[in-house]
K.L.:
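Mind looking over this structure? Questions follow.
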Amino acid sequence: LVAGVSAGIANIIYTITGGCGGTVSEQVAVTINPNASISSVTGPSPLCIGASSIYNANGVVLSGGTGAWISSNPAIATVTAAGSVTGVSPGTCNIIYTITGGCGGVATASASITVSAVSAATISYSGSPWCSNEGLQSVVITGTPGGTFSALPAGLNIDAPTGVIDPSGSSPGTYTVSYNMFSVACGNIIATTIVTVNQIPAIIINDPAPICAPSTVDLTDPAITAGSTSGLNYSYWTDAGAAVPFGTPASAGAGTYYIRGTDSNGCFDIIHIGHIQYMKEAKTLVDVLMVGINSDRSVSAIKPGRPV
């Protein structure tokens, strides 16, 4: 009875001694095959849904057997006969290489793989285009959170972590806002949207000629707003909030009036005629006139709903 001890080739010899004619022998070479074995399985992890990669079986000794690939959960990842693994759904499973039919019985090795979901999102801003004097604008994200924001070309005041845009701190123009989502498995995924900031128009007030009551002034006279942004649609009001319209601007008597100029984008500026007159008269009394202006934040604190 011949028993294999280790892999290699040995001669099995049968010898007869002490018989007539002296010693005689015969031999036969025997090959001892090694046991089937595999040292490891390797491959990239994590893997993105829909992505594929080759897994390798290392140190394979078939020893007359047959090797095959299987996945412990094909609903998460599949593997072909050539070891090509494809991500199917988020989760973790094992990619296994098994040798059957070889010496020593079944040999197997495996590697764990994690499949990651593809990052995906859409972003949007309400109200764009905005006028350059509007307040902070927040983004609406649908999908993967935690990305970062940027904009091109330069000039848009946008907060990278939150996507909040400050039109009043931005240069007028049209911008592409990008939302960048990074994952180790899937790389950079970018969602984009377009926003526009329009410059508010400029209103120039030219004082009408002085009159005496009961005479009136025609506030609609183009000479009064000469030098303003062209193409403005003018309206006339008795309050700074443009809530109470002035019905007879062509025959304005004594009073306080505001002229609002709105452009084709809906952006506007509103000027109190008296303020312009006060500053012009004050300038005639001094060599240098310094004017202090409240910030938007301080105006809002003093008068809720302002500035307009």
Side-chain angles (χ1 to χ4, degrees), residues 33-126 128 137-152 158-165 175-195:
N33 290 324
N35 288 336
S37 64
I38 174 173
S39 60
S40 65
V41 169
T42 55
S45 178
L47 199 64
C48 194
I49 290 176
S52 297
S53 186
I54 295 295
Y55 269 52
N56 297 303
N58 306 303
V60 172
V61 178
L62 292 177
S63 191
T66 302
W69 290 98
I70 61 170
S71 169
S72 66
N73 191 341
I76 294 176
T78 60
V79 59
T80 68
S84 177
V85 177
T86 300
V88 177
S89 64
T92 299
C93 67
N94 292 319
I95 302 301
I96 306 165
Y97 187 82
T98 301
I99 301 171
T100 57
C103 293
V106 175
T108 186
S110 66
S112 176
I113 180 173
T114 297
V115 178
S116 300
V118 179
S119 298
T122 60
I123 59 172
S124 62
Y125 291 86
S126 63
S128 175
Q137 306 294 322
S138 297
V139 66
V140 176
I141 304 173
T142 302
T144 303
T148 57
F149 293 85
S150 60
L152 288 174
I158 184 169
D159 183 64
T162 65
V164 172
I165 293 174
Y175 301 90
T176 298
V177 175
S178 297
Y179 178 60
N180 190 320
M181 299 155 282
F182 175 77
S183 72
V184 174
C186 307
N188 288 335
I189 306 297
I190 299 175
T192 61
T193 191
I194 303 296
V195 299

K.L.:
Any sub-3.5 Å donor-acceptor pair from T176's side-chain atoms to I194's backbone N or O?
P.N.:
no
K.L.:
For the residue pair A121 and M181, what are the closest heavy atoms and their distance?
P.N.:
CB-SD, 3.6 Å
K.L.:
Which atom names give the shortest non-hydrogen contact between S84 and S52, and what distance separates them?
P.N.:
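Looking at all heavy atoms of both residues, the shortest contact is OG-CB, 4.2 Å.
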K.L.:
Looking only at atom types and distance, does a side-chain atom of T100 sit under 3.5 Å from a main-chain N or O of V106, one as donor and one as acceptor?
P.N.:
no
K.L.:
What's the shortest heavy-atom distance between I54 and A82, and which atoms?
P.N.:
CD1-O, 4.4 Å
K.L.:
For residues S63 and N33, report the shortest heavy-atom separation together with the two atoms involved.
P.N.:
OG-CB, 3.8 Å
K.L.:
So, the side chain of S72 versus the backbone of N94: is there a donor-acceptor pair under 3.5 Å, distance only?
P.N.:
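Checked: pair present.
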K.L.:
Flag the pair I49 / P90 as yes when at least one side-chain heavy-atom distance between them is below 4.5 Å, and no otherwise.
P.N.:
yes
K.L.:
As a quick check of understanding, evaluate side chain to side chain contact (heavy atoms under 4.5 Å, CB included) for I76 and V88, giving each step before the final call.
P.N.:
CA-CA 5 Å; I76 294 176; V88 177; 5.8 Å; no
K.L.:
Given 3.5 Å as the limit, does a donor-acceptor pair link the side chain of T86 with the main chain of T78, or not?
P.N.:
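Absent.
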K.L.:
For the atom pair OH (Y175) and CG (L152), what is the distance rounded to the nearest 0.5 Å?
P.N.:
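Interatomic distance, Y175 OH to L152 CG, rounded to 0.5 Å: 10.5 Å.
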K.L.:
Can you measure from CG (N180) to OG1 (T148) and round to the nearest 0.5 angstrom?
P.N.:
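Those atoms lie 5.0 Å apart.
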K.L.:
Kindly compute the distance separating CD1 (I38) from OG (S110), expressed to the nearest 0.5 Å.
P.N.:
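Atom-to-atom, I38:CD1 and S110:OG are 9.0 Å apart.
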K.L.:
Look at the side chain of S71 and the backbone N and O of A77, then say whether any donor-acceptor pair between them is shorter than 3.5 Å.
P.N.:
yes
K.L.:
Nearest 0.5 Å, please: how far is OG1 in T114 from CG in L47?
P.N.:
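Interatomic distance, L47 CG to T114 OG1, rounded to 0.5 Å: 10.0 Å.
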K.L.:
Between the side chains of N58 and S40, is a donor N or O closer than 3.5 angstrom to an acceptor N or O?
P.N.:
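Side chains of N58 and S40: pair found under 3.5 Å.
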K.L.:
Nearest heavy-atom pair of Y55 and S45: which atoms, and what distance?
P.N.:
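Nearest pair, atom of Y55 first, then S45: OH-CB, 4.1 Å.
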K.L.:
Can you tell me which residue among I113, I95, I96 is in a side chain to side chain contact (heavy atoms under 4.5 Å, CB included) with V79?
P.N.:
I95
K.L.:
By the definition side chain to side chain contact (heavy atoms under 4.5 Å, CB included), identify the one residue from N56, I70, V60 that meets it with Y97.
P.N.:
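Of the listed residues N56, I70, V60, the side chain to side chain contact (heavy atoms under 4.5 Å, CB included) partner of Y97 is V60.
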K.L.:
Is there a side-chain contact between Y125 and S138, using heavy atoms and a 4.5 Å cut-off?
P.N.:
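Of all side-chain heavy-atom pairs linking S138 with Y125, none is under 4.5 Å.
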K.L.:
Using side-chain heavy atoms (C-beta onward) and a distance below 4.5 Å, is S116 in contact with C48?
P.N.:
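Of all side-chain heavy-atom pairs linking C48 with S116, none is under 4.5 Å.
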K.L.:
So which heavy atom on S89 is nearest to which on A75, and how close?
P.N.:
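Looks like OG-O, 2.6 Å.
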K.L.:
To the nearest 0.5 Å, tell me how far F149 CZ sits from I165 CD1.
P.N.:
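Between F149 CZ and I165 CD1, I get 9.0 Å after rounding to 0.5 Å.
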K.L.:
What is the distance from atom OG1 of T192 to atom CD1 of I123, rounded to the nearest 0.5 Å?
P.N.:
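One finds 6.5 Å between OG1 of T192 and CD1 of I123.
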K.L.:
Less than 4.5 Å apart, any side-chain heavy atom of V139 and any of Y179?
P.N.:
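No - every pair of side-chain heavy atoms lies 4.5 Å or more apart.
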